[in-house]
2 protein chains.
Amino acid sequence: MDIKNAKAQMRKGVLEMCVLAVIAERETYPPEIVERLRGTNLFIVEGTLYPLLIRLKNDGLVDYIWREGSQGPPRKYFNITDTGRQFLQELTDSWQELVESVAQTLYGAADEKPASKKSSAKKTPPALNIEPMPPSGE
Amino acid sequence: MDIKNAKAQMRKGVLEMCVLAVIAERETYPPEIVERLRGTNLFIVEGTLYPLLIRLKNDGLVDYIWREGSQGPPRKYFNITDTGRQFLQELTDSWQELVESVAQTLYGAADEKPASKKSSAKKTPPALNIEPMPPSGE
DNA sequence: TGAAGGTACCTTGCAATACAAGGATACTTT
DNA sequence: AAAGTATCCTTGTATTGCAAGGTACCTTCA
């Protein structure tokens with residue numbers, strides 16, 4: 001369990017939102033998506049991007065159109081759909097919630113909602129016996 | 001691809017950091033970890049937590065001790081190790097970077113570093129031909 | 001006594017995603 | 001024609017979250 005892997009795991013599901021956001025900004029094609037995300041320290045590789053785009057397309061969140069340029073092979077230009085915009089909004093909302101929840105966990109509750117639900121006596125400190133190993137060993 | 005799954009994917013790798021943070025705060029045992037994370041809108045279930053704790057233990061990031069209480073079965077109380085604290089620091093640093101990168105992607109570059117690396121002509125808008133489908137169909 | 005319920009711990013199988021590695025096609029250059 | 005570049009795509013592996021289910025200890029109470 002190294003930091004590199006931990007970082008990769010943190011990005012799960014985030015890349016989908018970011019790729020969608022990049023496409024939402026303006027029509028673009030895969031290598032440019034890679035480039036633009038690298039500009040914000042979010043590195044994505046082809047092997048990740050293409051299956052992701054296929055998923056987005058299959059779910060109707062994006063659409064694409066082939067375009068030929070004056071040079072090189074034709075490109076697949078992606079656009080976001082209306083459904084995609086709605087979903088992107090939901091994603092960003094969920095992301096904000098997650099960021100806030102994590103902040104609360106990491107740095108303590110900024111402002112705990114005083115109207116809790118049912119548990120008010122919950123921070124009971126663990127002051128128990130100290131019997132090193134009760135059950136059978138592992 | 002629904003929002004529920006998207007949320008689940010976003011949490012990948014984040015739960016590890018949060019569980020470590022909860023343990024770092026003070027000695028605790030699994031059901032209490034579940035409870036404390038639920039207090040910050042981060043829901044984790046047993047089937048996720050126990051394998052995660054085993055991973056943390058195997059990597060030397062946490063340690064545990066059996067304690068018997070006055071009631072119920074004995075509990076496994078977890079503590080963070082020195083290695084664990086270092087790793088948690090790395091995790092939170094990585095998390096901060098990720099949050100900033102995502103913010104930049106979603107809401108545009110807050111303050112783009114003017115000293116770019118090598119590409120200054122990158123925002124070329126895609127104004128090309130419009131030939132609907134050049135290659136073979138899909 | 002012994003049966004039921006609560007608490008705590010743990011495992012198995014499935015689904016989803018990031019990534020490394022490699023391959024295919026179209027176009028350009030030498 | 002051969003080599004190089006840009007673009008698109010697939011396959012296999014590793015990791016993780018989760019639902020579902022199982023085991024063990026302890027308490028209660030008929």
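Since this is a predicted model, take the numbers as computed values, not measurements. In what follows, chains are A, B, ... by sequence order, proteins preceding strands, each numbered from 1.
A/Thr40 contributes no side-chain N or O that, together with a main-chain N or O of B/Thr105, makes up a donor-acceptor pair within less than 3.5 Å. Not a single donor-acceptor pair under 3.5 Å links the side chain of A/Ser101 to the backbone N or O of B/Leu42.
The distance between atom CG of A/Leu42 and atom C1' of C/dC19, rounded to the nearest whole Å, is 15 Å. In this structure, A/Leu37 atom CG and C/dC19 atom P are separated by 11 Å, rounded to whole Å. The interatomic distance linking B/Arg67 (CZ) with C/dA8 (P) rounds to 15 Å, in whole Å. If you measure from atom CH2 of B/Trp66 to atom P of D/dC26, you get 11 Å, rounded to the nearest angstrom. Spacing between atom CG of A/Leu53 and atom C1' of D/dT7 amounts to 13 Å, rounded to whole angstrom units. In this entry the distance linking CG of A/Leu52 with P of C/dC19 reads 10 Å, nearest Å. Summarising the geometry, the separation between CG on B/Leu49 and P on D/dA19 is reported as 14 Å, rounded to the nearest angstrom. The distance between atom CD1 of B/Ile44 and atom C1' of C/dA8, rounded to the nearest whole Å, is 16 Å.
Considering only heavy atoms from C-beta on, B/Met10 stays 4.5 Å or farther from A/Glu97 through its side chain.
When heavy atoms are screened at a 4.0 angstrom cut-off, A/Gly72 is found touching the sugar-phosphate backbone but no base atom.
Remark on DNA chain C: of its neighbouring residues A/Lys4 and A/Gln71, the 5'-side contact belongs to A/Lys4, judged by nearest-heavy-atom nucleotide. Mapping B/Gly47 and A/Pro73 onto DNA chain D by nearest heavy atom places A/Pro73 closer to the 5' end of the strand. Residues A/Thr48 and B/Pro30 both approach DNA chain C. Their nearest nucleotides, taken by heavy-atom distance, put B/Pro30 toward the 5′ side.
A salt bridge does not link B/Glu16 to B/Arg55: none of the charged nitrogens lies less than 4.0 Å from a carboxylate oxygen. Taking the charged nitrogens against the carboxylate oxygens, B/Arg67 and B/Glu27 do have a contact shorter than 4.0 Å, which makes a salt bridge.
Looking at A/Glu46, its side chain comes within 3.5 Å of the base of D/dC8 through a donor and an acceptor atom.
Closest to the side chain of B/Arg75, out of C/dA18, C/dA8, C/dA26, is C/dA8. Closest approach to the B/Val45 side chain among D/dC8, D/dC25, D/dC18 is made by D/dC18 (side chain taken as heavy atoms from C-beta onward). Nearest nucleotide to the B/Tyr50 side chain, out of D/dC9, C/dT11, C/dT17: C/dT11.
Applying ring-ring contact (aromatic ring centres under 6.0 Å, His included) to B/Phe78 and the options B/Trp66, B/Tyr50, B/Tyr64 leaves one that passes, B/Tyr64.
Using a 4.0 Å cut-off, some side-chain N or O of B/Lys76 falls inside it from OP1 or OP2 of C/dC10. Within the 4.0 Å cut-off from OP1 or OP2 of C/dA8, at least one side-chain nitrogen or oxygen of B/Tyr29 is found. For A/Arg11 and C/dA18, the shortest distance from a side-chain N or O to OP1 or OP2 is not below 4.0 Å.
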N/O-N/O pairs, protein side and nucleotides 14-16 of chain C side, under 3.5 Å:
from, atom 1, to, atom 2, distance (Å)
C/dA16, O3', B/Asn5, ND2, 3.3

Could you go through residues 83-91 of chain B and list every donor-acceptor pair under 3.5 Å that involves a side-chain atom there, pairing it with any protein atom two or more places apart or in another chain?
from, atom 1, to, atom 2, distance (Å)
B/Arg85, NH2, B/Ala24, O, 3.4
B/Gln89, NE2, B/Asp93, OD1, 3.1

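Contact detail for B/Glu68 and B/Pro74: the closest heavy-atom pair is CG-CB, 3.9 Å.
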